[in-house]
Amino acid sequence: MQVRTRFAPSPTGYMHIGNLRTALYAWLHARRNGGRFILRIEDTDQARLVEDSVRVIYESLRVTGLDHDEGPDKGGPAGPYVQSERRHIYREYAEKLLASGHAYRCFCGKTEKQEEPPQSEDKPREGGEEQSAPILGYDGRCSRLAEAEIKANLDKGLPFVVRQRIDKEGSTSFRDFIYGDITVDNKQLDDQILLKRDGFPTYNFANVVDDHLMGITHVMRGCEYLSSTPKYVLLYKAFGWDYPEHIHLPHILGPSGRKLSKREGSVALSDFLDKGYLPEAILNYIALLGWNPGTEQEYFTIPDLIKTFDVARIGKAPATFDEVKLAWLNGQHIKALPAEKAHGLFARFYPPELSGVDLNRLSSHIQGKVEKPCDIPAMVSFLAGLEGTYSPELFVNKKNKTTREGCLAALGDLKGVLSALPAWDHPSILAALTAYGGEKGLKTGAVMWPLRIALSGRAVTPTGAVEIAELLGREEVLRRLDLGMDKLRSA
RNA sequence: GGCCCCUUCGUCUAGCGGCCUAGGACGCUGCCCUCUCAAGGCAGAGAUCACGGGUUCGAAUCCCGUAGGGGCCGCCA
């Protein structure tokens, strides 16, 4: 049977990194098995619609390369898959359940304001208050309504919701691919709402209907649905449908060990893209959060991932998102980039003051050491100017055995050597410096150190001293050499 | 509160009864190399496998319990 997976995001306005991982796993599983990957927009909550969010979803999938085979913008015999456009379908299936007695109409009104706990309104729910206020302690009374009462209510035009009728006897089990056998007593399962007053289905219903209608073979989603799945299983049974393989995924946690959230830093794909993380590095990293290849390989290209990904190696324990490791992996992917691509990635991070510098060269110099391109401005700022003052103490370096006096002398000599240099390019500069070191019996490090400090004002730079000199140009180099000597003298 | 799930170095993880005096990666520390730092190479610190009981000749691996964490219990998904 052909594997069919789906990604079913709701339009929240941004692509959460946890959702992206779910999409990635579903996509990889489909691609790995020559199956189909379907995109379905779950926009059944009218109150929470966020403008433009469908575009964000498309854009996120486009930039990460998680292409779908069927869905809203691809047409196809089974598309488009936007739940708000499929209301008639859910209504039709709700009618079937109503007819078979697996569901019933509930006419209970919304909660009285006074009944709400006075101060438990910690976080006001986002939108939809009038319609979606829960019925506190719904006791199932409408499930026992007589036929005549229902008819009377209907005739009066009373609004209603459709609820799933769950027999509270016994228990319901299913086998999750990751978590194994899950059994829940039916008395734990409430008569969940299938169709809301506004005629839209809830996730609980639309999801089951669509997954069946779209022939989804493997339902992959976050494990927050694990304990609701028995209710879905009951729905499948009520319809007489086979249920798909369930693959619940462990959560991704934030640094504090709590669910990854905006408060704790970046959670949206766009946040990482803005910082200069490569889509393939992001995918590589999140693939490893909850899954491992069974080998010691950690660096993966997307084709590698397709070849290697296996749902059998997904773990159960939640994983903490670690941006430091993401950054390392990003650095690995940056190193693998062709020079032009790397420069293209870096370009937007160069500050405008660097206009006089050969940025292409700079890019090739730093490609091997950039992990997060957003660090670039700070890395290269010294090239624009030695803003502020650096401490002459920097000239003293134990490892290279440099002293102030020695540096002062070296700087003076270097000024002579460099101003006399016929050509200004990397090999010439390097040759002159090593020759000078040889003459004076100095190790190259002892020559480079004072030069680096004078040119950059810092002990750590993203490129070697010679590269800096070349990039800066002779005039600026000589000027900075003077500045360094001034500092050493006045200190 | 009820129910469900999870628990190996700081973090991601390997491990599916003996190969584990628990392996790899990130990070950290040190050394080497080099035009400094970085990168690269090498080395090291870092986990009594949450805890307590079993089962077994033998348990990180199986069973039970406890604790901690997470999730669900919405006309949200």
Side-chain angles (χ1 to χ4, degrees), chain A residues 8-10 12 42-45 47-48 106 108 110 125-128 130-136 138 159-163 176 178-180 182-185 187-190 192-198 200-204 206-207 221-231 248 250-251 253 255 257-259 285 288-299 313 315-322 324-329 331 335 366 368-370 397 399-400 402 429-430 433-434 437 443-453 456 458-467:
Chain A
S10 55
T12 56
E42 309 222 322
D43 58 343
T44 56
D45 187 349
R48 286 203 198 184
C106 173
C108 292
K110 58 182 203 238
R125 292 183 176 124
E126 303 145 36
E130 300 80 10
Q131 280 235 43
S132 62
I135 316 290
L136 255 31
Y138 170 69
F160 61 87
V161 299
V162 174
R163 286 182 187 270
D176 181 82
I178 307 293
Y179 291 96
I182 307 286
T183 300
V184 174
D185 284 342
K187 62 174 184 288
Q188 296 292 333
L189 307 176
D190 47 69
Q192 62 180 350
I193 291 174
L194 270 18
L195 237 42
K196 305 182 239 183
R197 253 197 229 214
D198 62 5
F200 278 84
T202 57
Y203 167 87
N204 304 318
N207 200 260
R221 51 153 78 122
C223 66
E224 67 269 26
Y225 293 108
L226 203 52
S227 44
S228 322
T229 301
K231 288 188 280 200
H248 285 95
H251 283 141
L253 273 22
R258 322 195 113 261
K259 211 162 142 189
Y285 178 68
L288 261 13
L289 251 26
W291 170 83
N292 78 81
T295 64
E296 283 174 357
Q297 181 178 1
E298 292 204 296
Y299 176 90
R313 297 200 61 90
K316 297 177 177 183
T320 304
F321 189 92
D322 179 18
V324 174
K325 185 147 184 181
L326 200 215
W328 170 77
L329 214 37
K335 272 181 208 153
I366 67 175
K369 66 198 330 176
V370 171
N397 178 263
K399 195 168 166 188
N400 288 307
T402 56
I429 300 168
L430 179 56
L433 293 176
T434 29
K443 296 222 313 190
T444 354
V447 178
M448 295 299 171
W449 184 262
L451 179 64
R452 145 186 309 276
I453 301 301
S456 70
R458 44 170 101 169
V460 180
T461 55
T463 73
V466 179
E467 284 87 349

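Predicted model only: the values in this text are computed from it and were never measured. So that the names make sense, note that chain A is the first sequence line, chain B the second, and so on, each numbered from 1.
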Look for any protein N or O under 3.5 Å of an N or O in nucleotides 31-35 of chain B and output each such pair with its distance, or none.
none

Q. Heavy atoms under 4.0 Å, any strand shown: does A:Thr12 hit a base, just sugar-phosphate, or nothing?
A. nothing
Q | Residue list, side chain to side chain contact (heavy atoms under 4.5 Å, CB included) with A:Leu253, at least two apart or on another chain | A | A:His251, A:Pro318, A:Thr320
Q) With respect to the side chain of A:Gln188, which nucleotide from B:C37, B:C3, B:A77 is positioned closest? A) B:C3
Q) How long is the line joining OH of A:Tyr203 and P of B:G74, in whole Å? A) 16 Å
Q: Scan A:Asn204 against the nucleic acid and name what it touches under 4.0 Å (heavy atoms): base, sugar-phosphate only, or nothing.
A: base
Q) Roughly how far apart, to the nearest Å, are B:C6 and B:U13 at atom C1'? A) 15 Å
Q) Can any side-chain N or O of A:Asp185 pair as donor or acceptor with the backbone N or O of A:Lys187 at less than 3.5 Å? A) no
Q. When you measure from the side chain of A:His251, which nucleotide among B:C75, B:G70, B:C76 comes out closest?
A. B:G70
Q) Got a sec, which residues hit side chain to side chain contact (heavy atoms under 4.5 Å, CB included) with A:Asp43, two or more places apart in sequence or on another chain? A) A:Pro11, A:Ile41, A:Leu49, A:Val82, A:Gln83, A:Ser84
Q. What nucleotide among B:C75, B:G27, B:C37 has an atom nearest to a side-chain atom of A:Val460?
A. B:C37
Q: May I have the distance from A:Asp190 (atom CG) to B:C3 (atom P), rounded to whole angstrom?
A: 15 Å
Q | Side chain of A:Lys335 - closest among B:A77, B:A14, B:G40 | A | B:G40
Q) Between A:Tyr138 and A:Asp190, is any pair of side-chain heavy atoms under 4.5 Å apart? A) no
Q. Now, which nucleotide makes the Watson-Crick or G-U wobble pair with B:U61, with each of the two distances under 3.5 Å?
A. none
Q) Would a distance-only check, ignoring hydrogens and angles, find a side-chain to backbone donor-acceptor pair under 3.5 Å from A:Tyr285 to A:Lys325? A) no
(Q) Does the structure show a Watson-Crick or G-U wobble partner for B:A25, both distances under 3.5 Å? Name it, or say none. (A) B:U11
Q: Summarise how protein sits on nucleotides 4-12 of chain B as a single string, 5' to 3': B when a protein heavy atom is under 4.0 Å from the base, S for sugar-phosphate-only contact, - for no contact.
A: SSSS---SB
Q: Return the nucleotide paired to B:U56: Watson-Crick means purine N1 to pyrimidine N3 with N6-O4 or O6-N4, wobble means G-U with N1-O2 and O6-N3, both under 3.5 Å.
A: none
Grab the N/O contacts between the protein and nucleotides 42-52 of chain B below 3.5 Å, and write none if there aren't any.
none

Q: Verify, without hydrogens or angle tests, whether A:Asp176 (side chain) and A:His248 (backbone) share a donor-acceptor contact under 3.5 angstrom.
A: yes
Q: Report the distance from atom OH of A:Tyr299 to atom C1' of B:A39, rounded to the nearest whole Å.
A: 16 Å
Q. How is A:Lys259 classified with respect to the nucleic acid when contacts are heavy atoms under 4.0 Å: base, sugar-phosphate, or nothing?
A. sugar-phosphate
Q | Gap in Å between the two P atoms, one belonging to B:A59 and one to B:A25, rounded | A | 29 Å
Q: Let me know the distance between CD of A:Gln297 and P of B:C26, rounded to the nearest Å.
A: 14 Å
Q: Would you tell me if any nitrogen or oxygen in the side chain of A:Asn292 comes within less than 4.0 Å of OP1 or OP2 on B:U13?
A: no
(Q) Taking side chain to side chain contact (heavy atoms under 4.5 Å, CB included) as the definition, give me every residue that meets it alongside A:Ala317, ordered by chain and number, with sequence neighbours left out. (A) none
Q: Could you please name the partner base of B:C35, counting Watson-Crick and G-U wobble pairs only when both distances are under 3.5 Å?
A: none
Q) Using purine N1 to pyrimidine N3 plus N6-O4 or O6-N4 for Watson-Crick, or N1-O2 and O6-N3 for G-U wobble, each under 3.5 Å, what pairs with B:C42? A) B:G30
**Q.** Pair partner, B:G1 [Watson-Crick or wobble, under 3.5 Å]
**A.** B:C73
Q: Apply salt bridge (Lys or Arg N to Asp or Glu O under 4.0 Å) to A:Asp198 and A:Lys196, showing your working.
A: CA-CA 5 Å; A:Asp198 62 5; A:Lys196 305 182 239 183; 5.2 Å; no
Q) Is there a donor-acceptor contact under 3.5 Å from the side chain of A:Arg313 to the main chain of A:Asn292? A) yes
Q. Starting at the 5' end of RNA chain B, which residue's closest nucleotide do you reach first, A:Asp185 or A:Thr202?
A. A:Asp185
(Q) Nearest whole Å is fine: how far is B:C37 P from A:Ile366 CD1? (A) 19 Å
**Q.** Minimum heavy-atom distance A:Leu189-A:Pro230, with the two atoms named
**A.** CD1-CB, 4.1 Å
Q) How long is the line joining CD of A:Gln192 and C1' of B:C76, in whole Å? A) 13 Å
Q | Whole-Å distance separating the CG atom of A:Leu253 from the P atom of B:U13 | A | 10 Å
**Q.** Whether A:Thr202 side chain and A:Ile193 backbone form a donor-acceptor pair below 3.5 Å
**A.** yes
